[in-house]
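The next block holds one structure in the form of structure tokens; read it before the comments.
As the structure is a computational prediction, the values presented were derived from the model and not from experiment. Here is how names work: the chains are called A, B, and so on, in the same order as the sequence lines, proteins then strands, and each is numbered from 1.
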Amino acid sequence: MRGSLYMARRETMAEQERYEESHLYRLRHSAAHVMAQAVLEKFPEGKIAIGPPIEKGFYYDFDLPRPLTPEDLEEIEARMREIIAEGHDFVYQEVSEEEARRIFADQPYKLELIDDILSAGTDEYGEPLEETPRLSIYKSGPFVDLCRGPHVNNTREINPDAIKLLSVAGAYWRGDERRPMLQRIYGTAWETSEQLEQYLAWQEEVERRDHRKLIKQLDLISFHEEGGAGLAYWHPKGGCIRQIIEDFWRAEHAKGGYDIVFSPHIGKAELWERSGHLDFYKDSMYSPMDIEGVEYYLKPMNCPFHILMYKTRTRSYRDLPLRWAELGTVYRYERSGVLHGLLRVRGFTQDDAHIFCTPEQIEDEILRVLRFSLDLLRAFGFTEFQVYLSTMPEKHVGEPQRWKQAQESLRKAIEAEGLSYDVDEGGGAFYGPKIDIHVKDALGRTWQLTTIQFDFNLPERFDMTYVGEDGKEHRPYMVHRALLGSLERFFGVLVEHYGGAFPVWLSPVQVVLIPIADRHVEYAHSVAEQLKAEGLRVEVDDSGERMQAKIRDAQMQKVPYMLVIGDREMEAGQVNLRLRDGRVPGAMSVDAFLALVQEAVKERHLL
RNA sequence: GCCCACGUAGCUCAGUCGGUAGAGCACACCCUUGGUAAGGGUGUGGCCAUGGGUUCAAGUCCCAUCGUGGGCUCCA
């Protein structure tokens, strides 16, 4: 569904369970069946795959003789309403293997599912089953589906005014790109038409806030066909915001005990071999370049460089922890189809850091990073977080006992912060466990930004050591962390969170002065100079437009403060304030306005 | 990468059945000097994404490439 690709898929376990037991869930599942019936009536030779409820609706995958058009969707939707009105009961029935195979004899995808359920013990979505496999079907009218349910009792329980088919998309059978490409119809279904309306209005709001539109409208960032896909160009206003973010980030890191480092953009193949990237990450790296007969690669990560710096001298336990941060620009190959505005690009700058410490220090360090991260995110206006702890996967490097210690320190840190979290068993990288933090934006969508990862692999590969109290060499712990994630993605999320109306401290233009007539221009400039001298970002709209048009322009650029200046203001040495949200506090002295803005900047207020 | 759709002026979009391009905004100039979301006029601006093909004739039909969108998969 639109936008969901970059949102966190996982809801918390509790939410997920609640949803699966809800009436809404059954209703959507039932709507999917009704849709499949409508599609099969239209394409009797069509093959059906799977059709589950999803977060805000449902989908069903089909193998059809021709691509579906928007007109087809309308037709199918209309037919769904008729089917609903026909009032079919949803009838559950357990069937034997033979029966099932007979019923779905001309449905190859269902036959494959039957095989899987019986042999591999998985359900129709490929998830493992706990009990002994049982085959069941649901009938509604002429439509029969291999299905575990649950469903509503009768199609009439589906509100015909609260369903809508949304889009058609390609989807591989079982998500495997070697399998056939199916056509997936996405739909949404609700209890009432009001809820549907509400959902559609929410969708419109999502579109209004789409960062891809806003970065263009607000002249922040562009992409260029002739420059290459997935490569962002930061215009002066976008650059202004980025610089504010970076300056703030650097200042906070200095306070947080980090040192700032810089590293090159390319490195020898030898380095990437040693780090293992050419083994396990090559698919994401660009082709090497030849420099005097030696292969060099553009960096997809910063870690090997930081390790080289670590190894320039013998490190003592007294030196640790080292916290080295870098706004490191990396390049990763992404398949063309996955690029998406600023949220998925090929070149981006990570707010990266590596922490090298002793095993004794690790717990404190993790807690420290976690706190630091939450504080940083809060400063940008995010207040709700979801935390995920990912543990040791089957394929891993490093001793289980180190993993255990690492996981424990992660868990303790999360608990010390009083955060609730979900554990993703076996979801860690092969080189270490991790904490991911997802933030909730103004529209309630979640985005993964922060990742804090242990790395048991690189210290081994590079034979990193420090001299302990005992005078012997020890292996340091290494933690890799990115808090904002990447500046590109973070910026995209920020734009959508604020709908382009940034808080004052981040606004590229904080104040626009609007002289009413030409005779007010000079005074407007003198006020502008005063404000600029105080460090504000100010523009004077001295174009020949009328005041109304100037206000409109400033509104559309989402400038927080507009100062209208006419005869009255000039005479009294004042400014007349209008806010971006439409409020008009009115005339005040320049000093009073200044105090107001400075307060808003300092407190990082919206206005 | 794969499936589907789309690509016309700086931006947002029209363009019928194939007959060699339109609007609004923006921009420039002129008139207007106006109190809280668009004053009026004139004008500039397009190798219809790129390359091939079909045709007497292609923005329009076909193929390829590049880019964008909705998804699949993957990730910061």
Looking only at B/C4, B/C74, B/G69, the nucleotide nearest the A/Arg344 side chain is B/C74
Students often get this wrong, so: under 4.0 angstrom with heavy atoms, is A/Lys550 touching a base, only sugar-phosphate, or nothing?
nothing
When the C1' atoms of B/U73 and B/A14 are considered, how many whole Å apart are they?
38 Å
Any cation-pi pair here, A/Lys47 with A/Trp173, using under 6.0 Å and within 45°?
no
For the side chain of A/Arg519, starting at C-beta, report the closest nucleotide among B/U33, B/U68, B/G70.
B/U33
Proximity to the side chain of A/Gln453 - top-ranked nucleotide from B/C4, B/C72, B/A76:
B/A76
Partner nucleotide of B/U42 by Watson-Crick or wobble geometry (both distances under 3.5 Å):
B/A28
Nearest-Å distance, CG (A/Asp63) to P (B/C2)?
19 Å
Measure from the side-chain heavy atoms of A/Arg546 and tell me the nearest of B/G39, B/G1, B/A76.
B/G39
Any A/Ser336 side-chain nitrogen or oxygen under 4.0 Å from OP1 or OP2 of B/G1:
yes
Would you compute the distance between atom CD1 of A/Ile514 and atom CD1 of A/Ile551 and round it to the nearest 0.5 angstrom?
5.0 Å
Whether A/His224 contacts B/C66 is assessed here as follows: a side-chain N or O lying under 4.0 Å from the phosphate OP1 or OP2. Is that the case?
no
Is A/Glu569 side chain donor-acceptor paired with the B/G35 base, going by distance under 3.5 Å alone?
yes
Any base atoms under 4.0 Å from A/Ala229, or only sugar-phosphate, or nothing? Heavy atoms, all strands.
sugar-phosphate
Lys/Arg N to Asp/Glu carboxylate O, A/Arg583 vs A/Asp581, below 4.0 Å
yes
Report the base-pairing partner of B/A49 (Watson-Crick or G-U wobble, both distances below 3.5 angstrom), or none.
B/U65
How would you label the contact of A/Ala171 with the nucleic acid (heavy atoms, under 4.0 Å): base, sugar-phosphate, or nothing?
sugar-phosphate
How would you label the contact of A/Arg568 with the nucleic acid (heavy atoms, under 4.0 Å): base, sugar-phosphate, or nothing?
base
How far, in whole Å, is B/C61 from B/C74 if one measures between their C1' atoms?
37 Å
Any strand counts, and the cut-off is 3.5 Å on both contacts for Watson-Crick or G-U wobble. Which nucleotide pairs with B/A23?
B/U12
Taking B/U42 as the reference, what is the distance to B/C47 when you measure between their C1' atoms (whole Å, please)?
28 Å
A/Glu71 CD to B/C4 P, in whole Å, measures 16 Å
Tell me: CD of A/Glu226 to P of B/G10, nearest whole Å?
12 Å
In a check of side-chain contact (heavy atoms from CB on, under 4.5 Å) between A/Thr450 and each of A/Asp436, A/Leu370, A/Leu377, which one passes?
A/Leu377
So what's B/C72 paired with, Watson-Crick or G-U wobble, going by both distances under 3.5 Å?
B/G1
Cation-aromatic face contact A/Arg28/A/Phe58, 6.0 Å, 45 degrees:
no
When rounded to the nearest Å, what value does the distance between P atoms of B/C4 and B/C48 take?
27 Å
Name the closest nucleotide to the A/Val345 side chain, picking from B/C72, B/A38, B/A76.
B/A76
Nearest to side-chain heavy atoms of A/Val584, which nucleotide of B/U36, B/U73, B/G39
B/U36
Can you tell me how far P in B/G40 sits from the matching atom in B/G24, rounded to whole Å?
12 Å
Nearest to the side chain of A/Met547 - B/U36, B/U12, B/A76?
B/U36
Less than 4.0 Å between a side-chain N and a carboxylate O, is that true for A/Glu488 and A/Arg242?
yes
CD of A/Glu225 versus C1' of B/C48: gap in Å, rounded?
14 Å
Proximity to the side chain of A/Gln548 - top-ranked nucleotide from B/U36, B/G70, B/C72
B/U36
Have a look at A/Arg578 and say if it touches a base, only the backbone sugar-phosphate, or nothing, with a 4.0 Å heavy-atom cut-off.
base
Give none if B/G18 has no partner; otherwise give the nucleotide forming a Watson-Crick or G-U wobble pair with it, both distances under 3.5 Å.
none
Take the protein atom NZ of A/Lys213 and the nucleotide atom C1' of B/C11, then report the distance between them rounded to whole Å.
13 Å
Across the strands shown, which category fits A/Val330 at heavy-atom distances under 4.0 angstrom: base, sugar-phosphate, nothing?
nothing
Counting the atoms with a prime plus P, OP1 and OP2 as sugar-phosphate, which does A/Gly170 contact under 4.0 Å by heavy atoms, base, sugar-phosphate, or nothing?
base
So what does A/Gln555 touch, heavy atoms closer than 4.0 Å: a base, only the sugar-phosphate, or nothing?
base
Using a cut-off of 4.0 Å on non-hydrogen atoms, how would the nucleic acid contact of A/Glu334 be classed: base, sugar-phosphate, or nothing?
base
Between the base of B/U36 and the side chain of A/Asn576, is there a donor-acceptor distance below 3.5 Å?
yes
Nearest to the side chain of A/Lys216, heavy atoms from C-beta on, is which of B/U12, B/A76, B/U33?
B/U12
Kindly point out which of B/C3, B/C72, B/U33 is positioned nearest to the side chain of A/Asp518?
B/U33
With the threshold set at 4.0 Å, does a side-chain nitrogen-carboxylate oxygen contact exist between A/Glu571 and A/Arg568?
no
Between atom CG in A/Leu182 and atom P in B/C3, what is the gap in whole Å?
13 Å
Touch check for A/Gly175, heavy atoms < 4.0 angstrom, all strands: base, sugar-phosphate only, or nothing?
sugar-phosphate
Pair A/Arg445 + A/Glu496, salt bridge at N-O below 4.0 Å:
yes
Name the nucleic acid region contacted by A/Asp567, choosing base, sugar-phosphate or nothing; use a 4.0 angstrom heavy-atom cut-off, strictly under.
base
Rounded to whole Å, please give me the gap between CZ in A/Phe280 and P in B/C75.
13 Å
Taking 4.0 Å as the cut-off, does a side-chain nitrogen or oxygen of A/Arg212 come that near to OP1 or OP2 on B/G69?
yes
Report the distance from atom CG of A/Asp541 to atom P of B/A26, rounded to the nearest whole Å.
12 Å
For B/U54, which nucleotide in any strand shown is its Watson-Crick or wobble partner with both distances under 3.5 Å?
none
Tell me the partner of B/G34, counting only Watson-Crick (N1-N3 plus N6-O4 or O6-N4) or G-U wobble (N1-O2 and O6-N3) with both under 3.5 Å; none if nothing fits.
none
Any donor-acceptor N/O pair under 3.5 Å between B/G1 base and A/Tyr333 side chain
no
Any N or O donor-acceptor pair linking the side chain of A/Arg178 to the base of B/C2 at under 3.5 Å?
no
When the P atoms of B/G18 and B/C75 are compared, how many Å lie between them, rounded to an integer?
48 Å
Could you check whether A/Lys56 makes a cation-pi contact with A/Tyr199, meaning its NZ or CZ is under 6.0 Å from the centre of the six-membered ring and within 45° of the ring axis?
no
For the residue pair A/His438 and A/Tyr388, does the interplanar ring angle fall in the parallel (under 30°), tilted (30 to 60°) or perpendicular (over 60°) class?
tilted
Between B/C25 and B/G43 - P atom distance, rounded Å:
14 Å
For nucleotides B/G69 and B/U12, find the distance between their P atoms and express it as a whole number of Å.
12 Å
